[in-house]
Number of protein chains: 2
Amino acid sequence: MVTLAEVARHAGVSASTVSYVLSGKRSISTTTRQRVEESIRKLGYHPNAGARALASSKSNIIALMIPLRTDMYVPVMMEIAIAVAAGARTHGYDILLLTGEEGPDAVRRVTGSGLADAMILMDVELDDERLPLLRGTDQPSVLIGLPADTEGLTCVDLDFRATGALCVEHLAELGHRDIAVIGEAAAVYERHTGFAERTLDGLRTRARELGLRLLHRPCDGGYDAMAVTLARVFDERPGTTGFVVQNEAAVEPLLALLRQQGRAVPEDVSVVAVCPDQVATQASVRLTSVAVPAQEMGRRAVEHLVAKLEGRGSDEVVLLAPELTVRASSGPAPARP
Amino acid sequence: MVTLAEVARHAGVSASTVSYVLSGKRSISTTTRQRVEESIRKLGYHPNAGARALASSKSNIIALMIPLRTDMYVPVMMEIAIAVAAGARTHGYDILLLTGEEGPDAVRRVTGSGLADAMILMDVELDDERLPLLRGTDQPSVLIGLPADTEGLTCVDLDFRATGALCVEHLAELGHRDIAVIGEAAAVYERHTGFAERTLDGLRTRARELGLRLLHRPCDGGYDAMAVTLARVFDERPGTTGFVVQNEAAVEPLLALLRQQGRAVPEDVSVVAVCPDQVATQASVRLTSVAVPAQEMGRRAVEHLVAKLEGRGSDEVVLLAPELTVRASSGPAPARP
DNA sequence: ATAGGGCGTCGAAGCGCTTCGACTGCTTTC
DNA sequence: GAAAGCAGTCGAAGCGCTTCGACGCCCTAT
């Protein structure tokens with residue numbers, strides 16, 4: 001293991017000079033710098049992370065807390081995580097992966113031990129028990145998701161309320177009056193995950209404003225669950241012609257079941273999904289959808305966090321504006337009898 | 001930030017005593033231990049990770065290198081990652097998330113800087129450029145996947161060759177003679193990802209032994225790609241009655257297209273999938289499948305790595321035996337005309 | 001000429017922890 | 001009854017780096 005001291009000896013300078021070459025915190029003559037850089041390359045030197053962390057009280061690590069649950073659409077999480085990791089690297093940070101399992105203890109452990117300089121939390125609940133801890137520390141953090149009280153916090157999220165509104169508007173414009181919402185699994189609502197409730201709120205509010213009828217049903221995803229849910233929907237509201245789906249695991253089952261029942265999409269029934277673009281374009285019908293911009297969210301979270309770490313930036317709630325892309329699954333409502 | 005020295009003062013002992021209480025590396029009297037533990041709790045002490053790493057040359061961190069590509073089934077990766085993270089925690093390790101993007105440089109960086117004590121590599125290619133680096137260091141590592149040359153490496157993977165054989169055997173027993181294999185995206189084969197090629201090898205070898213005809217076609221996944229692929233298959237081998245699918249993104253499209261073409265599953269055509277159980281049970285037809293035991297693989301990888309870190313355990317290739325679960329998508333081949 | 005000020009470099013003091021050797025009282029052992 | 005061993009504790013020496021103050025040098029402004 002090559003140390004800074006060895007590099008210094010090899011280059012014929014003092015250790016501090018090497019350190020300043022590395023950090024750029026003091027000016028170094030061109031000749032010296034080149035000599036040092038040469039030595040570093042020749043010896044294959046890598047600064048020791050622990051020593052660095054100890055001396056500078058900075059680890060250059062960002063902790064990412066990712067939910068462990070599997071009742072939520074995993075690819076989105078994965079995409080965010082990868083975007084976060086890639087983004088962090090461009091700023092010289094590495095990612096420490098924490099699973100939600102440990103809960104608040106993980107926050108304590110990480111902030112207490114100086115393992116990480118900052119954290120990003122995913123899958124934040126409306127009244128998340130990790131939040132008081134975050135407020136009580138001076139370690140920067142960014143949430144992906146939106147809790148009920150954002151005081152003193154920085155959050156990045158899709159504007160799900162606007163997303164809900166947008167879906168309703170689109171269907172309303174096409175003349176649909178009776179809309180069914182196929183939501184996430186019931187458990188998601190039960191633990192008060194913000195995005196699900198906010199979408200619903202946006203849907204309901206706009207539906208009321210536009211005078212539409214709205215029926216919301218959570219759904220576990222998969223064919224069997226979807227079949228049951230769909231039967232109930234048509235039972236209760238036979239005139240339903242518009243669907244909003246916010247549950248990737250229910251998208252394909254829904255399309256298949258509609259087909260099976262002889263309801264054509266989009267001629268008889270329109271479907272708008274809230275899902276990543278990839279899902280929308282790979283489905284059996286190219287879906288009109290509002291994209292969940294996972295990459296963008298990950299990227300933005302890192303940017304804000306780095307800004308905070310560098311002393312720039314402040315607490316802020318960033319809501320990304322939803323964009324609805326019209327594809328083949330939505331069209332004018334059928335003429336009513 | 002509470003330090004070890006403060007705890008020592010508070011408890012009226014020396015710093016080294018506190019350290020030994022924490023590590024258990026020397027015997028401590030019960031009364032002293034309790035006093036120290038009390039102080040630790042009262043002061044809310046957390047050992048500083050950097051200092052620890054520096055003094056002990058151990059970071060208690062395992063690096064996990066995860067592919068960045070999105071042309072492979074992501075949930076499996078995610079599931080492995082989460083299993084690894086959870087498993088690592090039970091042994092006192094944290095996970096550092098590296099994306100494949102950096103390639104071999106990441107390996108150099110991590111081993112050189114002492115950021116992590118060990119690594120787990122996912123998505124290993126047959127002739128992976130990271131392997132020489134791993135062999136050239138004394139840092140323990142485990143691969144999830146199987147390269148061409150496993151000399152000096154520890155690998156954990158599903159036995160994909162046996163998996164392929166198993167699928168063929170199942171279809172053969174049911175009387176199918178003409179089998180089509182819907183594989184991963186062409187890019188996966190082009191970069192010589194081991195699991196894809198080994199599955200194919202298993203399929204081909206067993207098919208030859210049993211005298212079956214086998215047609216392999218890579219497929220990008222999604223409806224359009226699947227439609228093209230399927231058309232070609234039936235064009236070339238109209239008598240195909242058995243399908244093996246190793247591409248989760250192609251499963252549902254395949255089922256939908258078969259249905260659309262009036263081919264009933266499993267009456268006219270049998271389908272065997274290689275995919276996580278969740279996909280198999282949530283598909284529109286409950287699929288006969290060989291499960292990809294993602295969790296198990298993650299868990300095993302950690303176990304082996306920890307064993308190595310503790311001086312137990314040695315280089316070894318662990319191939320998990322595949323298990324085929326018969327569900328509703330496979331049945332006797334139709335009587336031939 | 002001389003004070004002032006950058007610039008470039010060095011030495012030394014930590015950062016908070018682990019770990020080795022040494023020491024003190026005991027208890028065992030023959 | 002002396003030698004040996006052990007449990008329990010302490011002090012001190014680092015681990016490899018950052019960073020502060022100091023110093024010498026040369027250039028500029030007075």
Side-chain angles (χ1 to χ4, degrees), chain A residues 1-37 39-40 43-61 92 94 109-117 309, chain B residues 1-37 39-40 43-61 92 94 109-117 309:
Chain A
M1 194 95 304
V2 190
T3 70
L4 198 163
E6 296 177 50
V7 174
R9 203 175 320 127
H10 186 270
V13 297
S14 76
S16 48
T17 300
V18 177
S19 178
Y20 286 122
V21 167
L22 252 29
S23 71
K25 293 196 178 169
R26 283 201 185 174
S27 52
I28 297 286
S29 69
T30 317
T31 59
T32 306
R33 189 202 323 290
Q34 285 172 349
R35 204 141 34 85
V36 170
E37 281 166 353
S39 299
I40 288 177
L43 301 179
Y45 169 71
H46 283 272
N48 182 88
R52 245 183 181 178
L54 178 55
S56 65
S57 341
K58 293 198 308 171
S59 60
N60 281 297
I61 288 180
D94 272 299
R109 194 162 59 82
V110 167
T111 60
S113 66
L115 235 185
D117 297 333
L309 283 166
Chain B
M1 194 94 304
V2 190
T3 70
L4 198 164
E6 296 177 52
V7 173
R9 205 175 317 126
H10 186 271
V13 297
S14 76
S16 48
T17 300
V18 177
S19 178
Y20 286 123
V21 167
L22 252 29
S23 69
K25 294 195 176 169
R26 283 200 185 176
S27 52
I28 298 286
S29 69
T30 317
T31 59
T32 306
R33 188 200 327 287
Q34 285 171 350
R35 204 141 34 86
V36 170
E37 281 166 354
S39 299
I40 288 177
L43 300 179
Y45 168 71
H46 283 272
N48 181 89
R52 245 186 180 176
L54 177 55
S56 65
S57 345
K58 293 197 307 172
S59 61
N60 281 296
I61 288 181
D94 273 299
R109 195 164 59 83
V110 167
T111 60
S113 67
L115 235 184
D117 296 333
L309 283 166

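Basis for what follows: all heavy atoms, side chains included, without hydrogens, waters or symmetry-related copies. Sequence lines set the chain letters: A, B, ... in the order given, protein chains first and strands last, and positions in each chain run from 1. Treat the numbers as computed from the prediction; the structure is a model and nothing was measured.
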A.B. asks: Just by modelled atom types, is the B:I28 backbone N or O under 3.5 Å from a matching donor or acceptor in the B:R33 side chain?
C.D. replies: yes
A.B. asks: Ignoring hydrogens and geometry beyond distance, is the side chain of B:Y45 in donor-acceptor contact with the base of C:dC17 at under 3.5 Å?
C.D. replies: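 For B:Y45, whose side chain was compared with the base of C:dC17, there is no donor-acceptor pair (under 3.5 Å).
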A.B. asks: With sugar-phosphate meaning primed atoms plus P, OP1 and OP2, does B:S57 contact a base, only sugar-phosphate, or nothing at under 4.0 Å between heavy atoms?
C.D. replies: nothing
A.B. asks: Out of C:dC10, D:dT9, D:dT18, which has the shortest distance to the side chain of B:I28?
C.D. replies: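 Of the options given, the side chain of B:I28 lies nearest D:dT9.
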A.B. asks: How far apart are the closest heavy atoms of A:S59 and A:A53, and which atoms are they?
C.D. replies: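 So the minimum-distance heavy-atom pair works out to CA-CB, 4.2 Å.
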A.B. asks: On a heavy-atom basis, which atom in B:T32 and which in B:T17 lie closest, and how many Å separate them?
C.D. replies: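 Result for this residue pair: CG2-CG2, 3.9 Å.
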A.B. asks: For a quick check of understanding: with a heavy-atom distance under 4.0 Å over all strands, which category does B:S29 fall into, base, sugar-phosphate or nothing?
C.D. replies: sugar-phosphate
A.B. asks: Please determine, for the side chain of A:A51, which listed nucleotide (C:dC17, D:dC17, C:dT19) has the closest atom?
C.D. replies: D:dC17
A.B. asks: If you apply the rule side chain to side chain contact (heavy atoms under 4.5 Å, CB included), what do you find for A:Y45 with A:L22, and how did you get there?
C.D. replies: CA-CA 11 Å; A:Y45 169 71; A:L22 252 29; 3.8 Å; yes
A.B. asks: CD1 of A:I40 versus P of D:dC17: gap in Å, rounded?
C.D. replies: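 The answer, rounded to whole Å, is 10 Å.
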A.B. asks: Of A:T3 and B:S27, whose nearest nucleotide on DNA chain D comes first from the 5' end?
C.D. replies: B:S27
A.B. asks: Would you mind reading off the distance between A:M1 atom CE and D:dG16 atom P, rounded to a whole angstrom?
C.D. replies: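 Atom CE in A:M1 sits about 9 Å away from atom P in D:dG16.
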A.B. asks: For residues B:I40 and B:V7, report the shortest heavy-atom separation together with the two atoms involved.
C.D. replies: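 Closest pair (atom of B:I40, atom of B:V7, distance): CG1-CG1, 3.7 Å.
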A.B. asks: Counting only side-chain nitrogens and oxygens, does B:R52 get under 4.0 Å of the OP1 or OP2 atom of C:dT18?
C.D. replies: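 Result: yes.
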A.B. asks: Output the single nucleotide from D:dG11, C:dC10, D:dG16 whose closest atom is nearest the side chain of A:A55.
C.D. replies: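 The answer is D:dG16.
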A.B. asks: More 5' along DNA chain C: B:R26 or B:S56, using each one's nearest nucleotide?
C.D. replies: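 On the 5' side of the pair lies B:S56.
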A.B. asks: Measure CG/A:N48 against P/C:dC17 and give the value in whole Å, please.
C.D. replies: 17 Å
A.B. asks: Pick the nucleotide of DNA chain D nearest each of A:L54 and A:K58; which residue has the one closer to the 5' end?
C.D. replies: A:L54
A.B. asks: Tell me: CZ of A:R33 to P of C:dG8, nearest whole Å?
C.D. replies: 9 Å
A.B. asks: Quick one: closest heavy-atom pair of A:L54 and B:L54, and the distance?
C.D. replies: CD2-CD2, 3.3 Å
A.B. asks: Using only heavy-atom distances, decide whether a donor-acceptor pair under 3.5 angstrom links the side-chain of A:T32 to the base of C:dG8.
C.D. replies: no
A.B. asks: In whole angstroms, how far is the P atom of C:dG16 from the CZ atom of B:R9?
C.D. replies: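 That distance rounds to 12 Å.
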A.B. asks: Could you work out which one of C:dT18, D:dC17, C:dG16 sits closest to the side chain of B:S19?
C.D. replies: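 The nucleotide sitting nearest to the side chain is C:dT18.
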A.B. asks: Return the value, rounded to whole Å, for the distance between atom NZ of A:K25 and atom C1' of D:dT19.
C.D. replies: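 Taking atom C1' of D:dT19 as the reference, NZ of A:K25 is at 8 Å.
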A.B. asks: Could one point to a donor on the side chain of A:Y20 or the base of D:dC20 with an acceptor on the other under 3.5 Å away?
C.D. replies: yes
A.B. asks: Rounded to the nearest Å, what distance is computed from the CG atom of residue B:L4 to the P atom of nucleotide C:dT18?
C.D. replies: 6 Å
A.B. asks: Give the rounded distance in Å between these two atoms: CG of A:N60 and P of D:dT18.
C.D. replies: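 So the two atoms are 10 Å apart, to the nearest Å.
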A.B. asks: For D:dT9 and B:T17 - does any side-chain N or O of the residue sit under 4.0 Å from the phosphate oxygens OP1/OP2?
C.D. replies: no
